[in-house]
Amino acid sequence: MTDCGIGISAELVHDLLQDQHPDLAGLPVREVAGGWGNQMWRLGDELAVRMPRREGAPDLLRKECRWLPVLAPRLPLPVPTPVRIGEPSARFPWPWSVMTWVHGEPLDHTSISRGDHAADTLADFLRALHVAAPAEAPASSDRGAHPRKCTDGFEYFLRAITPGGLAADVHAVRAVWDDAVAAPEWAGPPVWLHGDLHPANVVVSDGTLSGVIDFDAMFAGDPAWDLAAAWLLLPAGAGPRFFEAYALADEATVRRARGLAAMKSLFLILMGQNGDRGLPGGKPAWGPAGRAALGRLTSGFGRSS
């Protein structure tokens, strides 16, 4: 059920298409597992219907539809781009969208075997994305701050994980975080950011990154928030190649990114823990991804790997 009390079904999706975009209503509709603020439905082979199911998600969907057509043409990987926008109606009170489908397997259900290629691909993608954003670019209410302003969140995630759930030395994790807190602020202009790069928001084909999805967190700010992906996404040993290819991150930015990667890893572990317990919103596959990222962070502390 959505927050508005309406169950999203294949029948509802078909009926909405029939009402507002009848030329697409003949395509088969198949539910896609996963999703957080939105429920995804595959529409034929090349499209997807994105249906908000939580309060706040409709505004994020409109943000995607406003800005993805601006960003997508210059990005070197496939990203979902809006094809149609569904308007609120008596059947469904929130806006919804039809997006292009990005082919590949989400990284939280597979692995990267071509680490060097993935490092270069991620660096190329983020170099293309991280350009100065216009004044009207969206800000973020829950992301984008310097790590020192996120300490409450870091501490909450760390406390909420059950003893033994980290598979990493707590002191080493704290050392990574403390170093990020001590790093200087971002001094450059706000740049475009994906904002939520983690294993469920990228897809893999042939052992390497092949697409980036779920841009509803996009905002303008400190690139460290995206550069945390070097540890969250790439296999061990690929970090130095990534930062060499990206070539835009100074030492302070790498330090902030490393700390943010630690905080995000804790969040992944916590969501995995919730999934193992069968709690709403839990993601069992995220726990192993978070623990692996923490292992890369703590074993390579002091370097970019």
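Positions are given from 1 along the sequence.
- Aromatic ring pairs are classed by plane angle as parallel below 30°, tilted from 30° to 60° and perpendicular above 60°; the pair H21 and W96 is perpendicular.
- At least one donor-acceptor pair under 3.5 Å links the side chain of R255 to the backbone N or O of D179.
- Here the side chains of F125 and V79 are in contact, with some heavy-atom distance below 4.5 Å.
- Close placement of the H130 and Y246 rings is indicated, their centers lying within 6.0 Å of each other.
- W231 has its ring centre less than 6.0 Å from the ring centre of F243.
- Counting non-hydrogen atoms of other residues, nucleotides and ligands closer than 6.0 Å to CD of E244 gives a total of 12 or fewer.
- Within the 3.5 Å criterion, the main-chain N or O of T81 finds a donor-acceptor partner in the side chain of T100.
- Heavy-atom neighbours of D206 CG from other residues, nucleotides or ligands within 6.0 Å: at or below the threshold of 12.
- Side chain of D226 to main chain of G195: a donor-acceptor pair is present (N/O by atom type, distance under 3.5 Å, no hydrogens or angles).
- Ring to ring, W225 and H194 are not that close: their centroids are 6.0 angstrom or more apart.
- Between W67 and P138 the shortest side-chain heavy-atom distance falls below 4.5 Å.
- Judged purely by atom type and a 3.5 angstrom limit, Q20 has no side-chain atom pairing as donor or acceptor with the backbone of G86.
- The number of heavy atoms from other shown groups lying within 6.0 Å of CD (E55) does not exceed 12.
- I85 and L16 fall into different hydrophobic clusters, defined by Ile, Leu, Val, Met, Phe, Trp and Tyr side-chain heavy atoms under 4.5 Å apart, directly or through other members.
- Put simply, the side chain of L233 reaches to within 4.5 Å of the side chain of L107, judged on heavy atoms.
- Using a 4.5 Å heavy-atom threshold, the side chains of R256 and E185 count as separate.
- When atom types are taken as modelled, the side chain of Q273 and the backbone of T162 share a donor-acceptor pair closer than 3.5 angstrom.
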